[in-house]
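Keep in mind the model is a prediction, meaning the values are calculated, not measured. Protein chains get the first letters and strands the later ones, always in sequence-line order, with residue 1 at the start of each.
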Amino acid sequence: MAGAVKSNLTSGRTAYRRGTEEPPFIKWTLIVVALAFALLFLLVPLANVFYEALGRGFGFYLRALTEPDTRSAIRLTLLIAAISVPLNLVFGLAAAWAIAKFEFRGKAMLITLIDLPFAVSPVVSGLVFVLLFGLQGYFGAWLDEHDIQIIFAVPGMVLATTFVTFPFVARELIPVMRETGSEQEQAALTLGASGWQTFWHVTLPSVKWGLLYGVILCNARAMGEYGAVYVVSAHIMGRTETMSLRVASLYEDPQGGPAAFALASLLALLALVTLGLKTFVEWKTQRNYDLAQQSGAEARPETGRAPA
Amino acid sequence: MADKKFNPLPGFGLTMGYTLLYLSVLVLLPLAGLFLKAFQISWADFWALITDARSLAAFKLTLGASLLAASVNAVFGALLAWVLVRYQFFGKRIIDALVDFPFALPTAVAGLTLCSLFAPNGWLGRYLVPLGIKATYTPLAIVIALTFVGLPFVVRTLQPVLQNLEQEIEEAAATLGASRLRTFVQILAPTLFPTVLTGFALAFARAVGEYGSVTFVSGNLPYKTEIVPSLIVYQLEEHNIAAATAIAAVLMVISFTILGLINWLEGRVGRFNE
């Protein structure tokens with residue numbers, strides 16, 4: 001409707017433009033100020049990481065990255081992500097299924113509880129596990145007796161990372177699953193598919209982009225987490241240091257600065273890849289949506305023409 | 001009422017059971033453990049621990065720096081969102097994608113790069129330090145780091161609202177003779193204010209808990225540049241479990257209060273938009 005009104009008023013278009021747009025001088029001032037802010041806070045830090053990392057030449061860069069303690073930090077980071085991301089993926093799928101496909105009392109409360117780890121400071125996220133499993137914690141004495149070490153060891157770091165990345169997949173999946181509704185699943189079930197078949201062949205394909213989005217964000221945070229992991233790690237070089245922790249310990253070393261940047265550039269690269277994938281997924285979802293709109297729009301005139 | 005409706009989909013018991021179990025074991029129990037531990041401290045001790053001069057200084061610094069950083073983000077984030085939605089210019093898509101960069105960048109890397117940028121021989125420090133602006137190991141450094149990590153919140157909260165804003169209202173105002181400035185002050189600003197406030201609260205909540213990026217640039221000097229999360233780490237490393245727990249409990253209460261406020265605000269904005 002609004003479109004039709006506008007096209008009727010093409011003669012008055014310049015006047016209408018002047019009414020809802022700022023004068024060019026103000027417009028360009030706003031753009032320049034906003035871009036200066038973006039440049040200062042986004043582009044400059046990004047460029048600086050790579051500049052500092054490669055400043056000493058590519059040979060130094062490679063040597064810094066293949067140093068044994070750094071290599072083991074990369075391995076540990078990958079290991080922690082490989083455990084905590086799938087755990088939160090399974091949880092996200094279960095939670096989204098229950099929340100998006102069914103009605104029950106207390107749903108809003110449950111969603112708030114799932115978001116809780118986002119509101120907790122990373123340091124506190126680590127501290128809660130120290131209070132549970134540390135030597136002075138609730139289970140500390142029992143664990144000590146049985147010679148099981150969780151805090152200041154890899155299991156504690158996995159727990160803290162899983163806690164911090166807990167909401168990501170569920171949070172992205174719930175709205176996507178809710179939007180697709182449950183008619184398709186009901187049709188599949190009516191046609192004789194089992195629950196699992198319906199889930200694998202109907203639900204999963206329809207939410208795959210939302211799922212990928214959640215997993216990407218979850219993984220980026222799992223690999224980059226600092227505060228929570230810092231608290232539960234003993235920072236033992238080569239054993240309980242992740243990439244982020246290794247960046248910090250290299251930086252504290254008076255000679256380690258350039259090596260810290262070399263490792264940091266890997267993490268910055270991970271962030272860029274995450275952004276790239278995220279933009280791709282957004283573009284894909286938008287395109288699927290546009291295609292669906294288009295085919296809907298094309299279908300209508302055809303049915304209209306059919307009787308004539 | 002709705003839960004009595006017949007729903008043929010299977011798996012509610014399984015998925016709901018797993019969700020509640022996983023949530024309880026991984027999130028609710030550990031958080032409850034912290035509060036339980038905090039309640040075991042006598043009230044007098046608890047009060048002494050959190051009103052100790054060093055703790056008070058840390059709380060003041062954390063809240064003050066977070067407030068400042070969130071305010072900077074509210075102003076410039078709103079501007080950036082406006083420019084990205086309303087105007088066309090070269091490089092727009094790249095800037096739009098880069099807005100999430102502080103989200104995706106590990107906080108340790110953010111701290112490291114900010115530290116080197118503002119160092120006396122860094123890209124920005126070489127111009128600022130001669131002017132007497134020291135942005136490492138000062139409260140200013142903390143505000144800058146917190147502004148960086150909070151940048152995406154206001155932009156990303158405001159963008160969809162701006163996109164869905166019906167320009168007909170602005171057209172009507174213009175038709176009725178309002179100047180662009182008057183349209184902005186009387187129509188756009190009041191409409192967008194709750195959303196900007198939500199973004200502000202999100203950025204503030206993130207800033208209050210932030211640790212990684214700040215610990216690099218602040219130097220963690222007691223009474224001067226020590227934020228609450230740094231103080232918790234310090235107390236924990238000194239084996240003052242009670243102090244760490246008490247301070248963490250207060251920090252969590254602050255975070256949850258902001259979270260509640262955000263939920264309330266979002267509910268209001270949602271109702272308003274309907």
Review point. When the ring centroid of B:Phe76 is compared with that of A:Phe41, is the distance short of 6.0 Å?
Key: no
Check your understanding: What part of A:Leu42 gets closer than 4.5 Å to chain B, counting heavy atoms only: side chain, backbone, both or neither?
Key -> both
Check your understanding: Which bit of A:Ala47 is near chain B, if near means a heavy-atom gap under 4.5 Å: side chain, backbone, both or neither?
Key -> both
Review point. Can you say whether B:Leu112 sits under 4.5 Å from chain A via the side chain, the backbone, both, or neither, judging by heavy atoms?
Key: both
Study note, to complete from the structure: Most contact-rich option vs chain B, by heavy-atom pairs under 4.5 angstrom, among A:Ile216, A:Val124, A:Leu272, A:Val231, is A:Val124
Practice item. Measure A:Leu40 against the heavy atoms of chain B and call it side chain, backbone, both or neither at under 4.5 Å. Key: side chain
Study note, to complete from the structure: Pair count under 4.5 Å, heavy atoms only, with chain B: among A:Leu275, A:Leu217, A:Thr279, highest is A:Leu275
Revision key, fill the gap. To the nearest 0.5 Å, atom CH2 of A:Trp97 lies from atom CE of B:Met16 at 14.5 Å
Practice item. Please state whether the side chain, the backbone, both or neither of B:Asn263 comes within less than 4.5 Å of a heavy atom of chain A. Key: side chain
Study note, to complete from the structure: Under 4.5 Å to a heavy atom of chain B? For A:Tyr251 that would be side chain
Check your understanding: If you count the non-hydrogen atoms of other residues, nucleotides and ligands that lie under 6.0 Å from CD in A:Glu282, is the total more than 12?
Key -> yes
Review point. Aromatic rings B:Tyr22 and A:Phe166: how do their planes relate, parallel, tilted or perpendicular, breaks at 30° and 60°?
Key: parallel
Review point. Which atoms of A:Leu46 come close to chain B, meaning under 4.5 Å heavy atom to heavy atom: side chain ones, backbone ones, both, or neither?
Key: both
Point to revise | Interchain contact, B:Leu20 with chain A, by part (heavy-atom threshold 4.5 Å) | key: side chain
**Study point:** Side-chain heavy-atom pair A:Phe37, B:Leu151 within 4.5 angstrom cut-off
**Key:** yes
**Study point:** Pi-cation contact, B:Phe103 with A:Lys278 (under 6.0 Å, within 45°)
**Key:** no
Review point. Is there a side-chain contact between A:Tyr226 and B:Val109, using heavy atoms and a 4.5 Å cut-off?
Key: no
Check your understanding: Atom OG1 in B:Thr19, atom CD1 in A:Ile114: separation rounded to 0.5 Å?
Key -> 6.5 Å
Practice item. Give a yes or no on this: more than 12 heavy atoms of other residues, nucleotides or ligands lie within 6.0 Å of atom CZ of B:Phe35. Key: yes
Practice item. Counting only heavy atoms closer than 4.5 Å, note whether A:Tyr230 contacts chain B via side chain, backbone, both or neither. Key: side chain
Review point. Is there a donor-acceptor pair closer than 3.5 Å between any side-chain N or O of B:Tyr18 and the backbone N or O of A:Phe91?
Key: no
Practice item. Would you indicate whether the side-chain heavy atoms of A:Leu35 and B:Phe89 approach each other to under 4.5 Å? Key: yes
Practice item. Would you give the length of the straight line joining atom OG1 of B:Thr15 to atom CD1 of A:Ile99, rounded to the nearest 0.5 angstrom? Key: 9.0 Å
Revision key, fill the gap. When the 4.5 angstrom heavy-atom criterion is applied to B:Glu166 and chain A, the contacting part is neither
Check your understanding: Which bit of B:Leu23 is near chain A, if near means a heavy-atom gap under 4.5 Å: side chain, backbone, both or neither?
Key -> both
Point to revise | A:Asn219, part contacting chain B, at a heavy-atom distance under 4.5 Å | key: neither
Practice item. Measure A:Leu113 against the heavy atoms of chain B and call it side chain, backbone, both or neither at under 4.5 Å. Key: both
Point to revise | Minimum side-chain heavy-atom gap A:Leu189-B:Pro10 below 4.5 Å | key: yes
Check your understanding: Where on B:Phe148 is there a heavy atom nearer than 4.5 Å to chain A: the side chain, the backbone, both, or neither?
Key -> both
Practice item. Below 4.5 Å from any heavy atom of chain B, which atoms of A:Leu267 appear? Answer side chain, backbone, both or neither. Key: both
Study note, to complete from the structure: Most contact-rich option vs chain A, by heavy-atom pairs under 4.5 angstrom, among B:Val99, B:Leu181, B:Leu98, B:Ile95, is B:Leu98
Review point. Measuring heavy-atom distances to chain A, does B:Ala205 have an atom under 4.5 Å in its side chain, in its backbone, in both, or in neither?
Key: neither
Check your understanding: Just wondering, are more than 12 heavy atoms of other shown residues or ligands nearer than 6.0 Å to CZ in B:Phe12?
Key -> yes
Point to revise | Option in A:Gly257, A:Gly224, A:Ala108 with maximal non-hydrogen atom pairs under 4.5 Å from chain B | key: A:Gly224
Review point. Can you tell which of B:Ser230, B:Gly91, B:Gly33 has the highest number of heavy-atom pairs within less than 4.5 Å of chain A?
Key: B:Gly33
**Study point:** Under 4.5 Å from any heavy atom of chain B - which part of A:Val33
**Key:** both
Practice item. Go through the atoms of B:Leu34 and report whether side chain, backbone, both or neither lie under 4.5 Å from a heavy atom of chain A. Key: both
**Study point:** Close side-chain approach of B:Leu26 to A:Leu159, heavy-atom, < 4.5 Å
**Key:** yes
Check your understanding: Hey, are the side chains of B:Arg86 and A:Leu30 touching, using non-hydrogen atoms and a 4.5 Å cut-off?
Key -> no
Exercise for review: Look at A:Val128, A:Thr162, A:Val123 and state which one has the largest set of heavy-atom pairs under 4.5 Å with chain B.
Suggested key: A:Val123
**Study point:** Residue pair B:Ile241 / A:Leu131, side-chain heavy-atom distance below 4.5 Å
**Key:** yes
Practice item. Taking the side chain as every heavy atom from C-beta outward, state whether A:Glu22 and B:Trp82 have any atom pair closer than 4.5 Å. Key: yes
Exercise for review: For the pair A:Ser244 (side chain) and B:Ala108 (backbone), establish whether a donor and an acceptor sit closer than 3.5 Å, ignoring hydrogens and angles.
Suggested key: no
Check your understanding: With respect to chain B, which residue among A:Leu43, A:Val247, A:Val44 yields the maximal number of heavy-atom pairs within a distance under 4.5 Å?
Key -> A:Val44
Review point. Is chain A contacted by the side chain of B:Thr215, its backbone, both, or neither, given a heavy-atom distance below 4.5 Å?
Key: side chain
Point to revise | Contact origin within A:Val49 toward chain B - heavy atom pairs under 4.5 Å | key: both
**Study point:** Ring centres under 6.0 angstrom apart (A:Tyr51, B:Trp123)
**Key:** yes
Check your understanding: What's the spacing between A:Thr274 OG1 and B:Asp100 CG if we round to 0.5 Å?
Key -> 10.5 Å
Check your understanding: Pick from A:Asn88, A:Leu270, A:Leu39: which one has the most heavy-atom pairs with chain B under 4.5 Å?
Key -> A:Asn88
Study note, to complete from the structure: Honestly, the part of B:Ile94 sitting under 4.5 Å from a heavy atom of chain A is neither
**Study point:** Toward chain B, the part of A:Glu52 with a non-hydrogen atom under 4.5 Å
**Key:** side chain
**Study point:** Under 4.5 Å from any heavy atom of chain A - which part of B:Leu124
**Key:** side chain
